[in-house]
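Working notes for the structure below.
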Amino acid sequence: MNALAATNRNFQLAARILGLDSKLHKSLLIPFREIKVECTVPRDDGSFVSYIGFRIQHDNARGPMKGGIRYHPEVDPDEVNALAQLMTWKTAVANLPYGGAKGGIGCNPRELTVSELQRVTRVFTQKIHDLIGIHRDVPAPDMGTNSQTMAWILDEYSKFHGYSPAVVTGKPIELGGSLGREAATGLGVVFATEFLLDEYGMSIANMKFAIQGFGNVGSWAASFIHQKGGKVVAVSDITGAVKNPNGIDIPALLKHKEKAYSLKDFEGGDAMDLNDVLVHECDVLIPCALGGVLNKENAADVKAKFIIEAANHPTDPEADEILSRKGVTILPDIYANSGGVTVSYFEWVQVVPTIHFPTLLLKHND
């Protein structure tokens with residue numbers, strides 16, 4: 001299902017349950033602003049290439065809009081719109097004084113050099129600098145971007161507005177970043193999992209986990225689960241998939257990936273099909289990659305008793321219904337992966353000029 005259609009369907013259901021009036025209902029469905037820009041940059045070989053960039057600003061009722069910027073070939077306006085809407089709900093669930101936004105550029109960062117990525121980032125920032133800001137819209141890293149990307153945005157934005165370290169979060173520590181930000185989303189996923197399991201009289205120790213996606217979020221989540229005695233029995237990312245019924249040695253897998261840039265040929269487990277991770281035998285399934293991976297085609301085959309949505313909207317509404325009928329407990333993304341935006345708030349609040357604090361922020365701190 002289309003990402004925006006799926007998100008809207010979930011919102012419609014929640015609105016009916018809450019009894020929202022029609023005016024509020026409509027205003028929360030329509031984004032505050034949609035931005036689409038062309039980013040044409042020279043490549044290292046002298047040729048030129050163009051990419052389309054998006055920034056969707058969904059809602060600012062609770063404070064500055066907040067959300068990541070992702071670089072991925074499948075970025076499109078509907079996906080970004082859906083993700084911006086989810087950020088509005090996520091910051092509200094986490095009780096942070098933010099609204100929701102999201103951005104992205106339809107490119108494959110794996111095919112670009114560092115200098116090409118920098119040029120794309122700076123051109124994108126030039127096109128949107130008047131529409132973001134420390135009290136307006138604060139970007140952060142997402143899929144395909146990192147602290148270096150945020151440093152480029154900060155530097156380019158500062159050319160127009162003066163040095164403004166609070167304009168992005170997820171920055172390098174040297175530029176006002178926050179300790180622990182890189183691990184925050186993955187650690188938050190583990191905290192959320194602990195609280196959920198505790199309600200059922202269980203703990204992470206000795207539970208079997210399957211993790212789909214081994215990027216920033218998945219790798220940190222796997223590391224913390226391993227530290228707490230959980231057995232990660234299956235892991236996948238875009239490069240391959242590994243399984244071991246006795247539990248994968250996560251530190252060894254991380255070292256292998258750092259050296260080989262791939263999960264393939266890891267000696268501590270057996271190779272498996274990428275798609276089989278979602279239906280692998282386990283107690284807890286944690287999708288940490290793209291949205292919509294759990295759908296009506298595979299939901300009936302899911303064997304996990306719990307699903308922790310570390311990715312954004314990984315479960316389609318049709319899959320939700322199938323899994324619900326099977327008795328599977330799903331921890332929603334707007335709670336499960338809110339650790340990243342929570343630590344982003346800590347980073348932002350320590351460098352944003354205090355004289356301009358919004359009233360809501362002061363009340364929140366009190």
Side-chain angles (χ1 to χ4, degrees), residues 1-18 20 29 74 76 78-79 81-83 85-87 89-90 93 143 189-190 192-202 204 207-214 217-218 221-222 225 230-238 241 243 245 272-338:
M1 181 181 288
N2 173 281
L4 183 58
T7 304
N8 285 346
R9 179 168 165 176
N10 288 334
F11 171 75
Q12 303 275 12
L13 176 60
R16 284 198 302 271
I17 294 172
L18 293 170
L20 291 185
L29 270 180
E74 296 180 13
D76 63 55
D78 279 355
E79 181 198 37
N81 203 321
L83 294 169
Q85 188 180 136
L86 289 171
M87 283 303 300
W89 318 140
K90 186 185 303 182
V93 166
M143 187 180 299
V189 166
V190 175
T193 304
E194 282 186 311
F195 282 113
L196 176 64
L197 293 177
D198 184 63
E199 289 195 5
Y200 289 84
M202 304 175 184
I204 286 177
M207 296 280 278
K208 293 184 178 181
F209 294 79
I211 297 179
Q212 187 253 352
F214 204 62
V217 179
I225 289 169
K231 291 184 179 180
V232 180
V233 296
V235 167
S236 72
D237 68 5
I238 195 172
K243 63 180 179 179
M272 63 184 298
D273 186 272
L274 294 177
N275 297 320
D276 288 346
V277 171
L278 294 167
V279 297
H280 194 67
E281 188 71 47
C282 64
D283 301 307
V284 184
L285 171 64
I286 309 182
C288 302
L290 292 171
V293 294
L294 292 170
N295 49 58
K296 62 183 179 182
E297 305 298 331
N298 60 11
D301 297 322
V302 170
K303 299 175 182 64
K305 304 175 187 68
F306 301 92
I307 295 175
I308 312 297
E309 294 189 332
N312 290 311
H313 68 83
T315 312
D316 274 354
E318 297 98 333
D320 244 333
E321 295 172 2
I322 296 169
L323 292 164
S324 179
R325 288 196 296 269
K326 290 182 61 176
V328 178
T329 300
I330 302 176
L331 196 62
D333 51 356
I334 59 174
Y335 171 74
N337 66 27
S338 62

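This chain uses plain numbering: 1 for the first residue, then up along the sequence.
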CD1 of Ile308 to CG of Asp333, rounded to nearest 0.5 Å, is 11.5 Å
**Message:** Is the shortest side-chain heavy-atom distance between Leu4 and Gln85 below 4.5 Å?
**Reply:** yes
Nearest heavy-atom approach of Cys288 to Gly213 is CB-O, 3.8 Å
dist Glu79:CD -> Thr7:OG1 (nearest 0.5 Å) comes out at 10.0 Å
Between Ile307 and Val302 the two heavy atoms that sit nearest each other are CD1-CG1, 4.3 Å
Inset, instruction - Would you check if Met272 and Val277 make a side-chain contact, meaning some heavy-atom pair closer than 4.5 Å? - result: yes
* Asked: Hey, what's the ring geometry for Phe11 with Trp89, parallel, tilted or perpendicular (30° and 60° as the breaks)?
  -> parallel
Quick check: do Lys305 and Met207 have side-chain heavy atoms less than 4.5 Å from each other? no
Value for CG (Asp320) from CG (Asn295), rounded to nearest 0.5 Å, stands at 12.0 Å
Check the pair Ile225, Val284 against side-chain contact (heavy atoms from CB on, under 4.5 Å), reporting the backbone distance first and the verdict last. CA-CA 11 Å; Ile225 289 169; Val284 184; over 6 Å; no
(Q) Taking Val293's backbone N and O only, do any of them form a donor-acceptor pair with Asn298's side chain (distance below 3.5 Å, no angle check)? (A) yes
Would a 4.5 Å heavy-atom cut-off, applied to side chains only, mark His313 and Leu83 as touching?
yes
Inset, instruction - Flag the pair Asp283 and Lys208 as a salt bridge only when some basic side-chain nitrogen lies within less than 4.0 angstrom of an acidic carboxylate oxygen. - result: no
d(Asn81 CG, Asn2 CG) to nearest 0.5 Å is 9.5 Å
d(Asn312 CG, Ile334 CD1) to nearest 0.5 Å is 10.5 Å
In terms of heavy-atom contacts, Asn10 and Pro317 come closest through OD1-CG, 4.0 Å
What one should report as the nearest heavy-atom pair of Asp76 and Asp78 is OD1-N, 3.0 Å
**Message:** Within the 4.5 Å heavy-atom criterion, are Val328 and Leu285 side-chain neighbours or not?
**Reply:** no
Given 3.5 Å as the limit, does a donor-acceptor pair link the side chain of Lys326 with the main chain of Ala300, or not?
yes
Requested in this report: Show your reasoning for whether side-chain contact (heavy atoms from CB on, under 4.5 Å) applies to Asn337 and Glu309.
Outcome: CA-CA 7 Å; Asn337 66 27; Glu309 294 189 332; over 6 Å; no
Distance col, row Asp301:CG vs Ile322:CD1, nearest 0.5 angstrom, shows 9.5 Å
Practice task
Spell out, as yes or no, whether a donor-acceptor pair under 3.5 Å connects the side chain of Ser338 to the backbone of Tyr335.
Solution key: yes
- Query: Can you find a heavy atom in the side chain of His280 that is under 4.5 Å from one in the side chain of Val233?
  - Reply: yes
- [ ] May I ask you to decide if Ala234's main-chain N or O and Lys243's side chain share a donor-acceptor pair within less than 3.5 Å?
- [x] no
Q.
Would you say that Leu29 contacts Gln12 through its side chain, given a criterion of any heavy-atom pair below 4.5 Å between the two side chains?
A. yes
Tightest non-hydrogen contact, residues Ala311 and Leu290, listed as CB-O, 4.1 Å
Hey, are the side chains of Lys296 and Asp316 touching, using non-hydrogen atoms and a 4.5 Å cut-off? no
Closest heavy-atom pair, Phe209 versus Cys282, reported as atoms and distance to 0.1 Å, is C-CB, 4.2 Å
